[in-house]
Amino acid sequence: MTNDQTIQQEVENYISSFLAQQFGESPHSVNVAMRAPFIAIHLLGLSIPSEKLLLKRNKAKRVTETRDIMINGIKSKLMEALTNITGFDVLEIYADWNLEKQSGMLIAVLDAEVDQVSLESPTDVNVEALQEKIIVMSKKTQKEPDFIAVYWLNDDTILVERRGTMVDIEKELIKNGVTEELRLAKRPLEHRVMEFMQLEPIFNRDINGLFVDWNFEEDKAYMVFILNPQVE
């Protein structure tokens with residue numbers, strides 16, 4: 001799959017309409033980055049009226065939990081629609097939110113071969129240094145990944161895949177069905193740790209957004225960095 005502009009526009013239009021139907025509000029804008037086997041859907045200006053009172057009362061955790069429940073409830077519809085649009089089966093959907101910035105990220109994993117171009121980083125970016133930073137972060141929050149890969153979906157969107165990061169206590173929690181509680185605890189922890197990793201010098205640009213989500217049953221995680229546009 002290449003960055004087909006028609007498919008990208010169809011995905012953006014569909015997501016905007018779909019979220020309006022499900023949440024009662026559509027994002028101000030939807031930016032899609034596609035490169036097999038991933039679609040990263042960046043939602044900007046997503047403010048849901050029913051959540052505003054909870055946020056004013058500092059109930060952000062409850063808002064995030066509610067969104068997770070809603071996304072889980074509509075995943076099958078979303079996967080079916082994206083399959084029809086892209087022509088590839090959608091295997092998984094991941095989601096994360098930045099309530100303060102009113103933004104979010106949906107990640108679709110397609111049943112498609114990896115586009116080797118996605119593994120080619122810009123010449124001014126030290127990928128080994130980036131991977132080392134991610135490994136350090138993983139050690140602080142879990143353990144060193146068994147596998148790590150960095151994919152450049154476009155100039156401003158970087159996806160990091162990690163596998164085999166979970167520690168024994170987390171695995172036991174998953175066996176006992178404590179998945180959402182674990183997700184709600186790990187999100188802010190990984191966000192905080194990443195803030196201290198000082199990745200901007202590696203990217204040579206400021207980071208505008210960071211999103212992360214997990215498949216706990218398969219012990220894998222996806223992290224997406226949104227970079228500020230490069231200044232000419």
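Here the structure is a predicted model, which means the values were calculated and not measured.
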Checklist entry - So, Asp68 and Arg183, do they make that salt bridge, N to O below 4.0 Å? => result no

Checklist entry - Under a single-linkage definition using a 4.5 Å side-chain heavy-atom cutoff for Ile, Leu, Val, Met, Phe, Trp and Tyr, are Leu91 and Phe38 assigned to the same hydrophobic cluster? => result no

Checklist entry - So, does Asp111 use its side chain to make a donor-acceptor pair with the main chain of Phe88 at under 3.5 Å? => result no

Checklist entry - Short question: side chain of Asn176, backbone of Val178 - any donor-acceptor pair under 3.5 Å? => result no

Checklist entry - Is there a donor-acceptor pair under 3.5 Å between the side chain of Glu190 and the backbone N or O of Arg187? => result no

Item to check | Gap between atom CZ of Arg62 and atom CG of Leu55 - 0.5 Å precision | outcome: 11.0 Å

Atom pairs and distances, donor-acceptor, side-chain atoms in residues 22-31, under 3.5 Å, two or more places apart:
none

Checklist entry - Does a donor on one side chain and an acceptor on the other come within less than 3.5 Å for Thr157 and Asn154? => result yes

Item to check | Donor-acceptor under 3.5 Å (Thr141 side chain, Met137 main chain) | outcome: yes

Item to check | Side chains of Asn228 and Phe203 in contact at under 4.5 Å (non-hydrogen atoms) | outcome: no

Checklist entry - Are Ile107 and Val150 co-members of a hydrophobic cluster defined by side-chain heavy atoms under 4.5 Å apart? => result no

Item to check | Check: Arg163 side chain, Asp146 main-chain N or O, donor-acceptor pair, under 3.5 Å | outcome: no

Item to check | Charged N-O contact under 4.0 Å between Arg67 and Glu51 | outcome: yes

Checklist entry - Is it true that the side chains of Arg162 and Ser138 contain a donor and an acceptor less than 3.5 Å apart? => result yes

Checklist outcome for this item: The residue among Tyr94, Tyr151, Trp214 that forms ring pair (Phe, Tyr, Trp, His ring centres under 6.0 Å) with Tyr222 is Tyr94

Checklist entry - Rounded to the nearest 0.5 Å, how far apart are CD1 of Ile158 and CD1 of Ile226? => result 7.5 Å

Checklist entry - Can you find a pair of side-chain heavy atoms, one from Thr165 and one from Glu144, that are under 4.5 Å apart? => result no

Item to check | Lys52 side chain reached by Ser47 side chain, heavy atoms, under 4.5 Å | outcome: yes

Next on the checklist: Quick check: closest heavy atoms across Ile93 and Lys75, and the distance to 0.1 Å?
Outcome noted: O-NZ, 3.1 Å

Checklist entry - Linking I/L/V/M/F/W/Y whenever their side-chain heavy atoms sit closer than 4.5 Å, directly or via other members, would Val212 and Trp97 fall into one cluster? => result no

Item to check | Qualifying residue for side-chain contact (heavy atoms from CB on, under 4.5 Å) with Val90, from Leu78, Leu82, Ile39, Val109 | outcome: Leu82

Next on the checklist: According to a hydrophobic-cluster definition based on side-chain heavy atoms being under 4.5 Å apart (Ile, Leu, Val, Met, Phe, Trp, Tyr only), do Leu184 and Leu189 belong together?
Outcome noted: no

Next on the checklist: Between Asn84 and Glu80, is there a side-chain donor-acceptor contact under 3.5 Å, judged purely by atom types and distance?
Outcome noted: no

Checklist entry - Any sub-3.5 Å donor-acceptor pair from Glu12's side-chain atoms to Val32's backbone N or O? => result yes

Checklist entry - So, does Thr64 use its side chain to make a donor-acceptor pair with the main chain of Ala60 at under 3.5 Å? => result yes

Checklist entry - Which atoms form the tightest heavy-atom contact between Lys133 and Ile202, and what is the distance? => result CG-CD1, 3.7 Å

Checklist entry - Measuring from Leu173:CG to Asp168:CG, what's the distance to the nearest 0.5 Å? => result 11.0 Å

Next on the checklist: Applying side-chain contact (heavy atoms from CB on, under 4.5 Å) to Ile71 and Leu106, what does each step give before you reach the verdict?
Outcome noted: CA-CA 10 Å; Ile71 288 294; Leu106 300 175; 4.1 Å; yes

Checklist entry - Closest approach of Asp96 and Leu210, non-hydrogen atoms and distance? => result OD2-O, 4.2 Å

Next on the checklist: With rounding to the nearest 0.5 angstrom, report the CD1 to CD distance, Ile74 to Gln21.
Outcome noted: 10.0 Å

Checklist entry - Would Glu172 and Lys175 satisfy salt bridge (charged side-chain N to carboxylate O under 4.0 Å, His left out), going step by step from the backbone distance to the final call? => result CA-CA 5 Å; Glu172 289 300 316; Lys175 287 181 182 178; 3.5 Å; yes

Next on the checklist: Run the side-chain contact (heavy atoms from CB on, under 4.5 Å) test on Thr66 and Leu54 for me, step by step, so that the C-alpha distance in whole Å, both residues' side-chain angles and the decisive distance to 0.1 Å come before the verdict.
Outcome noted: CA-CA 11 Å; Thr66 301; Leu54 288 172; 5.5 Å; no

Next on the checklist: Could you measure the distance from the CD1 atom of Ile207 to the CD atom of Gln198? Nearest 0.5 Å is fine.
Outcome noted: 10.5 Å

Checklist entry - Given side chains that start at C-beta, do those of Asp89 and Leu110 come closer than 4.5 Å, heavy atoms only? => result no

Next on the checklist: For Glu200, I'd like to know if atom CD has over 12 heavy atoms of other residues, nucleotides or ligands within 6.0 Å.
Outcome noted: yes

Checklist entry - Are Val125 and Val136 joined in one hydrophobic group, where the rule is that I, L, V, M, F, W and Y side chains link up if heavy atoms are under 4.5 Å apart? => result yes

Item to check | Heavy-atom pair of closest approach, residues Glu217 and Ile174 | outcome: OE2-CG2, 4.2 Å

Checklist entry - Near Lys140 NZ, under 6.0 Å, is it more than 12 heavy atoms from other residues, nucleotides or ligands? => result no

Checklist outcome for this item: Rounded to the nearest 0.5 Å, the CG atom of Asn204 sits from the CG atom of Leu227 at a distance of 10.0 Å

Checklist entry - Which pair of heavy atoms, one from Arg35 and one from Ser118, lies closest together, and at what distance? => result CD-CB, 3.4 Å

Item to check | Contact check, side chains of Met166 and Lys143, non-hydrogen atoms, under 4.5 Å | outcome: no

Checklist entry - Is the closest side-chain heavy-atom distance between Val114 and Pro37 below 4.5 Å? => result yes

Checklist entry - side-chain contact (heavy atoms from CB on, under 4.5 Å) between Glu181 and Glu65: does it pass, once the steps are laid out? => result CA-CA 9 Å; Glu181 293 87 345; Glu65 183 177 14; 5.9 Å; no

Next on the checklist: Counting C-beta onward and ignoring hydrogens, is there a side-chain heavy-atom pair between Trp152 and Glu120 closer than 4.5 Å?
Outcome noted: no

Checklist entry - Closest approach of Val224 and Met105, non-hydrogen atoms and distance? => result CG1-CE, 3.7 Å

Checklist entry - Around Phe147, counting heavy atoms of other residues, nucleotides and ligands shown, do more than 12 lie under 6.0 Å from its CZ? => result yes

Checklist entry - Are any non-hydrogen side-chain atoms of Met223 and Glu161 less than 4.5 angstrom apart? => result no

Item to check | Worked verdict on Asn98 versus Ser103 for side-chain contact (heavy atoms from CB on, under 4.5 Å) | outcome: CA-CA 5 Å; Asn98 186 320; Ser103 63; 3.4 Å; yes

Checklist outcome for this item: Asn215 meets the side chain to side chain donor-acceptor pair (under 3.5 Å) criterion, sequence neighbours left out, with Glu92

Checklist entry - side-chain contact (heavy atoms from CB on, under 4.5 Å) with Glu10: which residues, sequence neighbours excluded? => result Thr6, Ile85

Next on the checklist: Tell me if the aromatic rings of Phe225 and Phe211 count as close, with their centers under 6.0 Å from one another.
Outcome noted: no

